[in-house]
Amino acid sequence: MASDPADLAAFRDEAARWIAAEAPDPLPHDLTEAFPAARAWQRKLFDAGWLGLSWPAEYGGRGMSPVHQIVFDEELTKARAPMPAGTVSLEVIGPTIVRFGTDAQKKALIRPLLSGEDIWCQGFSEPDAGSDLAALRTRAVRRGDVYVVNGRKVWTTMAHLSTWCALLAKTGDGSRASRNITYLLVPMDSPGISVRPLAEMTGDVSFSEVTFDDTEVPADNVLGAAGGGWLVAMSTLEFERGPYVLRRYAEVRAMFADLVADLRASSLACDPVVTRRIGECDMLLEALRARCDRIVGEIAHEALSNRSSLDKLFLEYVSQEIFGFALDCTGPNPLGSRGTVPHSPRWAREYLYSRAASIYGGTTEIQRNIVAKRLLDLPMEPK
Ligand SMILES: Cc1cc2nc3c(=O)[nH]c(=O)nc-3n(C[C@H](O)[C@H](O)[C@H](O)COP(=O)(O)OP(=O)(O)OC[C@H]3O[C@@H](n4cnc5c(N)ncnc54)[C@H](O)[C@@H]3O)c2cc1C
């Protein structure tokens, strides 16, 4: 659904005013520590009607255009306001349920997902199936009205805080064929689920290993068709790449402005190496912004192209260049001891987190393979 520019500008002003008046103070960086306040913030956003803006009103959304949601999220980031607790729910799982859910599933699941009463995690990756998702081994066997699930997932973001999991499991004969995968909606308090939180190199705990031991899931909780989970999962991954690039661009742009402010206040401000690299980073951000403009156009016309792998690769490159530069300015020997800038722990943490972009949502190598094969039409490797 296209949007009138004047309507969008008025909407942006209204959003900015509301955020300025209502946003809480910054929350702790650690997801677990920040969670209770981030969940309360999500509830406040929901009650005020700022979440699920483009989702159907009958399920708790507002029936506006997807660009309204992008504009609201941009204003949140610009104001340095916290993100709501359920980012995986809101950005990835929710849109998938809206697209593939039955009426009953949408009625039961969307409203609590928006309000933060329910928090969702995404159980796709396994210890031996990440890039090669079709090799997953978690099995779901139909017994009467339930599927009985056994298996192990890893890297599951927010699993230790979640009430639901969007799970991929093998059904049918268990072969590699993608038609043997089913997408299940699993309550995290089901008997037989255990969650072991894992620490990232930033020191934060944001993901976990999740084990399913004879966990029973009602057969009504299949999203899409039984055995049709691959199609649903590809849609989830599409939401994970395109719209995520927009949010992360806005975050990196805001943090780069903070870094430049820190540098301006330091003895590094006049250093020619520093000024040259600031210019390079700004140029990269402008190029990324141009890609984001294209993504917004595609989302507005509900036609996400297969260029999302390039967008993700470019986001990864730009953010790693910027936080690499931040670390060069703030590390133990900043740019040959020419000076120091404040807020060093923040930049070290952002540098470490930026490295994760080479892995999540599909690794660098996999995205490059997709670009070569699907965009540039290079042949597949001979088997
Ligand atoms: C911060 C973070 C959050 C995450 N959150 C979630 C989540 O919530 N839910 C979830 O399901 N997963 C999540 N993941 C997992 C992520 O999607 C996987 O880690 C990713 O798909 C890679 O899988 P893997 O770790 O098994 O690596 P592997 O697939 O084992 O790959 C190992 C290395 O081999 C390379 N490689 C593999 N195959 C090829 C090939 N064909 N050609 C060239 N190189 C290849 C890879 O690029 C990589 O460098 C998260 C990851 C991170 C870092």
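Computed from heavy atoms alone, side chains included, the values below leave out hydrogens, waters and symmetry copies. Counting convention: from 1, in listed order, for ligands and their atoms alike. The first residue in the sequence is number 1, and the count goes up from there.
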Requested in this report: On the 0 to 90° scale, with breaks at 30° and 60°, tag the W18-F72 ring pair as parallel, tilted or perpendicular.
Outcome: tilted
Requested in this report: On the 0 to 90° scale, with breaks at 30° and 60°, tag the W164-W120 ring pair as parallel, tilted or perpendicular.
Outcome: parallel
Report task. Test Y147 against F212 for ring pair (Phe, Tyr, Trp, His ring centres under 6.0 Å), laying out the working first. Result -> CA-CA 12 Å; Y147 282 92; F212 299 84; over 10 Å; no
**Report entry** Aromatic plane relationship, W347 with F323 - under 30° parallel, 30 to 60° tilted, over 60° perpendicular
**Finding:** parallel
**Report entry** Residue contacts for ligand 1, heavy atom to ligand atom, distance under 4.0 Å
**Finding:** Q122, F124, S125, G130, S131, W155, T156, T157, F207, I359, Y360, G361, T363, E365, I366, N369
Query - R368 with E365: basic N within carboxylate O range, under 4.0 Å - result: no
Report task. Provide the full list of side chain to side chain donor-acceptor pair (under 3.5 Å) pairs with a residue in residues 78-93, sequence neighbours left out, each pair given once. Result -> E75-K78, R80-D258, E91-R247
